[in-house]
Asker: 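Below you'll find the structure I mean.
Lettering of chains follows the sequences in order, A, B, ..., and the numbering in each one begins at 1.
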2 protein chains.
Amino acid sequence: MARAATTSDVFNAIAEPQRREILVLLRAGERPVTELAQELGMTQPGASKHLRVLREVGLVRDRKAGKQRLYGLDARGLRPVHEWVGGFERFWNESFDRLDAYVQDLKQTRLEE
Amino acid sequence: MARAATTSDVFNAIAEPQRREILVLLRAGERPVTELAQELGMTQPGASKHLRVLREVGLVRDRKAGKQRLYGLDARGLRPVHEWVGGFERFWNESFDRLDAYVQDLKQTRLEE
DNA sequence: CCATCATATGCCCATAACGGCATACGTCAA
DNA sequence: TTGACGTATGCCGTTATGGGCATATGATGG
């Protein structure tokens with residue numbers, strides 16, 4: 001088995017830097033594909049593909065606007081991610097102490113060798 | 001070009017469900033590879049490989065403990081992720097209203113067709 | 001030194017990822 | 001209808017992925 005399909009969950013969808021950039025841009029409001037592509041320096045097909053992934057995991061929605069198709073943010077899917085990562089909050093403060101302990105262990109180990 | 005290497009950034013590293021499970025387990029404290037593998041129902045080489053990725057992005061550190069090698073959490077790398085996702089916080093509350101607006105747009109579009 | 005336990009690596013496979021490119025599709029205006 | 005614009009899709013090639021398996025490497029105790 002290879003990697004799980006990108007479209008299967010939000011963690012995977014936002015693992016791609018360009019997709020994260022798209023999401024950031026969309027915070028400023030809806031935008032057509034071409035504009036996104038241009039602002040991010042990617043090709044139109046490229047942008048379309050990334051947008052498709054984002055749409056399939058529900059982070060983005062689209063609506064027709066005349067000839068164009070406007071993409072807009074739907075950030076609700078990011079909430080679980082925020083919560084999951086938040087579950088480690090107390091650890092990234094604690095980490096420094098732990099790291100200290102770790103370093104001391106290292107020193108000791110080195111002495112014992 | 002394919003996707004950026006998993007080992008290059010934290011977003012990619014935590015895109016893998018099993019690696020997320022490992023991180024969660026490690027919140028309870030340091031553990032040797034074998035134990036992790038067993039608790040998560042994966043093979044020892046499998047666990048080692050995931051741990052390597054986590055180590056390379058700095059989410060995990062290891063120290064020798066006799067014959068064993070204990071892996072421990074270093075959650076500091078998750079902080080930027082939390083912050084990035086947190087940048088969307090106001091949007092996932094706002095989303096419902098936006099969605100309403102969206103639905104109304106849809107209705108109108110449909111009427112116009 | 002040797003046997004044993006713990007872990008890491010290497011190799012292979014099947015799969016899917018991204019990007020580039022051409023082109024199909026959809027929509028509007030004349 | 002035709003043409004022009006905006007967007008999506010399909011196909012290809014290269015590359016990385018994750019899993020399985022065998023095996024190398026490391027550390028310990030006798």
Asker: In whole angstrom, give the distance that lies between atom CZ of A:Arg52 and atom P of D:dG10.
Answerer: 7 Å

Asker: What integer distance in Å separates B:Arg31:CZ from C:dT7:P?
Answerer: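 Distance check: B:Arg31 CZ to C:dT7 P gives 13 Å.
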
Asker: List the residues meeting side-chain hydrogen bond (donor to acceptor under 3.5 Å, both in side chains) with A:Gln44, not counting sequence neighbours, and say none if there are none.
Answerer: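 Expected list: A:Ser48.
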
Asker: Could you work out which one of D:dG6, C:dT7, D:dG18 sits closest to the side chain of B:Glu16?
Answerer: D:dG18

Asker: Whole angstroms only, please: what is the CD-C1' distance between B:Gln68 and C:dT4?
Answerer: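 To the nearest whole Å, that distance equals 14 Å.
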
Asker: Take the protein atom CG of A:Leu51 and the nucleotide atom P of C:dG19, then report the distance between them rounded to whole Å.
Answerer: 13 Å

Asker: For a side-chain hydrogen bond (donor to acceptor under 3.5 Å, both in side chains) with B:Tyr71, tell me which candidate from B:Glu35, B:Arg55, B:Glu30 qualifies.
Answerer: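 Running side-chain hydrogen bond (donor to acceptor under 3.5 Å, both in side chains) over B:Glu35, B:Arg55, B:Glu30 with B:Tyr71 returns exactly one hit, B:Arg55.
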
Asker: Rounding to an integer number of Å, can you tell me how far A:Asn12 CG sits from C:dT15 P?
Answerer: 18 Å

Asker: With sequence neighbours excluded, what pairs up with B:Pro45 under the side-chain contact (heavy atoms from CB on, under 4.5 Å) test?
Answerer: B:Thr43

Asker: What is the distance, to the nearest angstrom, from the CG atom on A:Asp9 to the P atom on C:dA16?
Answerer: 15 Å

Asker: With the threshold set at 4.0 Å, does a side-chain nitrogen-carboxylate oxygen contact exist between B:Arg31 and B:Glu39?
Answerer: yes

Asker: Nearest-Å distance, CD (A:Glu35) to P (D:dC5)?
Answerer: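 For the pair A:Glu35 CD and D:dC5 P, the rounded distance is 18 Å.
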
Asker: With sequence neighbours left out, what residues match A:Arg69 under salt bridge (charged side-chain N to carboxylate O under 4.0 Å, His left out)?
Answerer: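 For A:Arg69 the salt bridge (charged side-chain N to carboxylate O under 4.0 Å, His left out) partners, ignoring immediate neighbours, are A:Asp62.
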
Asker: What pairs of residues pass the ring-ring contact (aromatic ring centres under 6.0 Å, His included) test when at least one of them lies in residues 11-65 of chain B, not counting sequence neighbours?
Answerer: B:Phe11-B:Trp84

Asker: Can you measure B:Leu70 atom CG to C:dA8 atom P for me and round it to whole angstrom units?
Answerer: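 Answer to the nearest Å: 11 Å.
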
Asker: Heavy atoms under 4.0 Å is the rule here; annotate nucleotides 21-28 of chain D 5' to 3' with B where the base is hit, S where only the sugar-phosphate is, and - elsewhere.
Answerer: BB----SS

Asker: Closest approach to the side chain of B:His50, judged atom by atom: which nucleotide of C:dA8, D:dG18, C:dC18 is it?
Answerer: D:dG18

Asker: What's the closest nucleotide to the side chain of A:Ser48 if the choices are C:dT9, D:dG19, D:dA8?
Answerer: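 The answer is D:dA8.
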
Asker: Just jot down the side-chain contact (heavy atoms from CB on, under 4.5 Å) partners of B:Gln38, sequence neighbours excluded, or say none.
Answerer: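 Once residues adjacent in sequence are excluded, B:Gln38 has no partner under the side-chain contact (heavy atoms from CB on, under 4.5 Å) criterion.
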
Asker: Does D:dG6 have its OP1 or OP2 closer than 4.0 Å to a side-chain nitrogen or oxygen of A:Tyr71?
Answerer: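 For D:dG6, neither OP1 nor OP2 has a side-chain N or O of A:Tyr71 closer than 4.0 Å.
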
